[in-house]
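One structure is given here, and the rest of the page talks about it.
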Amino acid sequence: QVQLVDTGGGEVRPGGSLRLSCEASGISSFNLYTTGWYRRAPGKQRELVARITVEGDLDYDDNVGGRFTIARDNPNNIVTLEMNDLTPEDTGVYSCDVVRFSEYWGQGTQVAVSS
């Protein structure tokens, strides 16, 4: 059974940083999955924040480029999202997903940015 566990969220002030982590279990060949982080902001639909493909190609939402960094640790089945210079607009529930023939989701971790 595939399970993704998202951790690392919290409350920070504007300009602060957080590091989110998603650890996958029940997956063999994690390196063959495209992985990504999504955010569901209050009152909005879920949107892609960052994605890293099997080949290592990166894709970021225009509003986070240069502040967020996605990375993957294939041997340990982990994908991380380093978030710097956070703003209130980054507030939301962040969930990771992995996709190959099927798509699997983490449970989400709350990020709240406020002064």
Measuring from T87:OG1 to D85:CG, what's the distance to the nearest 0.5 Å? 7.5 Å
Does F68 reach the side chain of N84, with side-chain heavy atoms less than 4.5 Å apart? no
Can D90 and R67 be counted as an ion pair, charged N to O under 4.0 angstrom? yes
Side chain to side chain donor-acceptor pair (under 3.5 Å) against E55, all qualifying residues, sequence neighbours excluded: T53
Give every donor-acceptor pair under 3.5 Å between a side-chain atom in residues 5-13 and any protein atom, sequence neighbours left out.
unit_1, atom_1, unit_2, atom_2, d
D6, OD2, C96, N, 3.4
D6, OD2, Q107, N, 3.4
D6, OD2, G108, N, 2.9
R13, NH1, S115, O, 3.0

When you compare the side chain of I70 with that of V79, does any pair of heavy atoms fall below 4.5 Å? yes
ILVMFWY network linking L32 to I52, side-chain heavy atoms under 4.5 angstrom: no
For Q3, the side chain to side chain donor-acceptor pair (under 3.5 Å) test, sequence neighbours excluded, returns none
Derivation of the side-chain contact (heavy atoms from CB on, under 4.5 Å) call for L20 and V111: CA-CA 9 Å; L20 307 183; V111 172; 4.2 Å; yes
Hydrophobic cluster partners of V54 (side-chain heavy atoms under 4.5 Å): none
Where do G92 and P42 come nearest, in terms of heavy atoms and distance? CA-CD, 4.3 Å
List for me each residue that meets side-chain contact (heavy atoms from CB on, under 4.5 Å) alongside N63, sequence neighbours excluded, and say none if there are none. D61
Go through the structure and list residues passing side chain to side chain donor-acceptor pair (under 3.5 Å) with Y94, not counting sequence neighbours. R39
If you define the side chain from C-beta out and look only at heavy atoms, does anything of L4 sit under 4.5 Å from C22? yes
Could you tell me whether the side chain of T91 and the main chain of V113 form a donor-acceptor pair under 3.5 Å? yes
I'd like to check the side-chain contact (heavy atoms from CB on, under 4.5 Å) partners of N74; sequence neighbours left out, ordered by chain and number. F30, N31, R72
Under 3.5 Å, side chain of D97 to main-chain N/O of G36, donor-acceptor pair present? yes
Do T34 and R100 make a side-chain contact, defined as non-hydrogen atoms from C-beta onward lying under 4.5 Å apart? no
Considering only residues two or more places apart or on different chains, which pairs with a residue in residues 31-86 satisfy disulfide (SG to SG under 2.5 Å)? none
Which residues share a side-chain contact (heavy atoms from CB on, under 4.5 Å) with T69, sequence neighbours left out: Y60, E82
Who pairs with R40 by side-chain contact (heavy atoms from CB on, under 4.5 Å), at least two apart in sequence or on another chain? R46
Min side-chain heavy-atom separation S21-I78 under 4.5 Å: yes
Transitively linked via ILVMFWY side-chain contacts under 4.5 Å: V64 with W37? yes
Can you name the residues that form a side chain to side chain donor-acceptor pair (under 3.5 Å) with N76, not counting sequence neighbours? D73
Quick note, ring-ring contact (aromatic ring centres under 6.0 Å, His included) partners involving residues 95-115, not counting sequence neighbours, are Y38-W105
ILVMFWY cluster, V49 and L86 together (side-chain gap under 4.5 Å): yes
Would you say that V93 contacts T109 through its side chain, given a criterion of any heavy-atom pair below 4.5 Å between the two side chains? no
